[in-house]
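Numbering of ligands and ligand atoms starts at 1, following listing order.
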Amino acid sequence: MTDSYIQNLFAERIGGKNYGKSTAIYKFEKIKRARRAAIAANPGGEIIDVGLGEPDEMAFPEVVAKLTDEARKPENRGYADNGDGVLKEAAARYMEKVCGVPGINPATEVIHSIGSKPALAMLPVALINPGDYALMTVPGYPVFGTHTKYYGGLVHNLPLTEANNFLPDLDSIPADVLKKAKVLVINYPNNPTGASATPEFFAKVVAFAKKNNIVVVHDAAYAALVFEGQPLSFLATPGAKEVGVELHSVSKGFNMTGWRCGFVIGNELLVKAYGDVKDNTDSGQFLAIQHATAYCFDHPEITEKIAAKYSRRMTGLVDTLKKAGFSANKPKGSFFLYTKAPKAVTLKDGKRVEFKNAEEVSQWLITEKLISTVPWDDTGSFLRLSVTFIAKNEADEQRVLGEISKRLSDVKFEF
Ligand SMILES: Cc1ncc(COP(=O)(O)O)c(C=O)c1O
């Protein structure tokens, strides 16, 4: 690119004059590059991608049919703004029926989103002044924190550790941070750890929020993908609606990542503020997509079918990894398996390869075994594997798992 005065105009929040000049390569780019190199070095070889963070299948045919019908209706054609009543009412019904949260007022306590990601980007506009802290969990989905920093706010990281069942230790926050903390962002079932919350933890979060005047944002992107029992909503906790909002989405639970739809629900004032920011940011998701989304929330059996598939695959993946020496445990929900990364591997010729961190393990797995994973080195060294790998049917699923097993069978990992 030629030098341009534009280079000098970038805002400091994205790097100012140095925007775009960093040579650092970020994790997901490194994975992509290693994947490309592995494909080039092994023409015709099958890459097994357990690094994916999105569903492997399309939306269900009945949802596509609903979208088609709704797209044909002239009254759905225009700006949707903050939405009509269809998705709001379906969201309220869903919260009662599926999440055990009765009494949501669809007119005032829910507004659609163009997916949880934009909602996480907009909420800081409503809440963060320069110097305010957002409390974020690490490892985690960083969008709320990134935007907090854009507005001059600060992020305090709460580590998710195995010892704490990947739940943040709210008592660990230094007093000076707590004084300036405005928002706690949590996400369960969790990306990347696959951990689930408990009603006791959520009760603690409500008490913590009330005591310290903190807003809670619960990102429930994986909420309905549970392998046993009912989804656990933060809003089912007594007092939760006084302190926060919950974000739901059809991306993961209904195989609809590209459709971009969900909702923000809970505290009326927070929902109103989100709506005001949203009104100044986008003009709403296409009503046909909102109506197809409403159809989904009235058909939770779709998610149950998807969750049953992930549960079956998860059982197989856990067994496969255990056979290879990993101490993998099946999570209670999501599609992520988070497992400790090995420290070294001994190859069949007796050669031993040591790993400094999970990133090196991940690079080794893709290069040597054509298995793509995501490394996490924030709090300990872990690999994230997803059961959204490509497989045509159940028999093919077994073949893929068998293939992983075979590829790992001639080496010995050390932990
Ligand atoms: C924890 C978490 N929150 C939010 C999102 C984004 O969801 P959506 O597609 O609804 O924007 C993701 C997607 O990976 C996620 O993992």
Side-chain angles (χ1 to χ4, degrees), residues 27-28 31 49-59 63 83 87 91 94 110-124 134-148 157-158 160 166-168 183-197 216-226 231-234 244-265 274 278 281-282 284-286 289-290 292-294 296-297 303 306 310 331 333-338 374 376 378 382 384-388:
K27 181 166 78 180
F28 286 96
I31 298 169
D49 199 342
V50 279
L52 292 168
E54 58 180 298
D56 56 312
E57 285 192 89
M58 273 186 69
V63 183
L87 177 51
Y94 174 81
V110 54
I111 291 180
H112 85 281
S113 67
I114 304 185
S116 298
K117 188 176 188 177
L120 288 165
M122 286 177 206
L123 284 163
L135 306 170
M136 305 280 302
T137 54
V138 274
Y141 191 71
V143 174
F144 191 103
T146 304
H147 286 262
T148 290
N157 286 327
L158 297 167
L160 299 184
F166 302 111
L167 300 171
V183 187
L184 168 68
V185 182
I186 47 176
N187 156 234
Y188 292 99
N190 182 256
N191 175 10
T193 68
S196 289
V216 178
V217 174
H218 181 229
D219 174 0
Y222 301 87
L225 289 175
V226 288
L232 180 63
S233 166
F234 174 65
V245 285
E246 187 160 83
L247 276 48
H248 289 259
S249 162
V250 284
S251 285
K252 318 288 170 153
F254 293 91
N255 293 345
M256 289 161 68
T257 42
W259 293 51
R260 315 309 304 135
C261 208
F263 58 82
V264 174
I265 194 160
Y274 160 72
K278 182 172 155 38
T281 309
D282 64 54
Q285 182 53 281
F286 183 24
I289 291 181
Q290 287 195 46
T293 295
C296 288
F297 286 117
T303 312
I306 296 169
Y310 292 153
S334 83
F335 44 61
F336 297 123
L337 178 62
Y338 193 66
V374 178
W376 293 85
D378 306 84
F382 289 83
R384 190 194 77 182
L385 291 85
S386 172
V387 290
T388 56

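Listed by number with element, the atoms of ligand 1 under 4.0 angstrom from any heavy atom of G115 are 10 (O), 11 (O). Near S251, the atoms of ligand 1 lying under 4.0 angstrom from a non-hydrogen atom of the residue are 8 (P), 9 (O), 10 (O). Within the listing of ligand 1, atoms 8 (P), 11 (O) sit less than 4.0 angstrom from a heavy atom of K117. Atoms of ligand 1 found under 4.0 Å from any heavy atom of R260, numbered from 1 in the order shown, are 8 (P), 9 (O), 11 (O).
In this structure the side chain of M122 reaches within 4.5 angstrom of the side chain of D282, judged on heavy atoms. Between S386 and F335 the shortest side-chain heavy-atom distance falls below 4.5 Å. Two residues are said to be in side-chain contact when any heavy atoms from C-beta on lie closer than 4.5 Å; V217 and F234 fail this criterion.
The ring-ring contact (aromatic ring centres under 6.0 Å, His included) test with F166 singles out one residue from W376, Y338, Y188, and that residue is Y338.
Taking the six-membered ring where the residue is Trp, the centroids of F297 and F254 are separated by under 6.0 Å.
Under the 3.5 Å distance criterion, the side-chain polar atoms of S334 are left unmatched by any main-chain donor or acceptor of Y222. Looking only at distances, a side-chain donor or acceptor of Q290 sits under 3.5 Å from a matching main-chain atom of Q285.
Among protein heavy atoms, the minimum distance from atom 13 (C) of ligand 1 is reached at K252 NZ, 2.8 Å. Protein heavy atom in closest approach to atom 6 (C) of ligand 1: Y141 OH, 3.4 Å.
For the ligand labelled ligand 1, residue E54 lies outside the 4.0 Å heavy-atom shell. Heavy-atom separations between N187 and ligand 1 include at least one value shorter than 4.0 Å.
With a heavy-atom cut-off of 4.0 Å, S116 touches ligand 1 through backbone and side chain alike.
With distances taken over non-hydrogen atoms, the option nearest atom 2 (C) of ligand 1 out of T257, I186, D219, V143 is D219.
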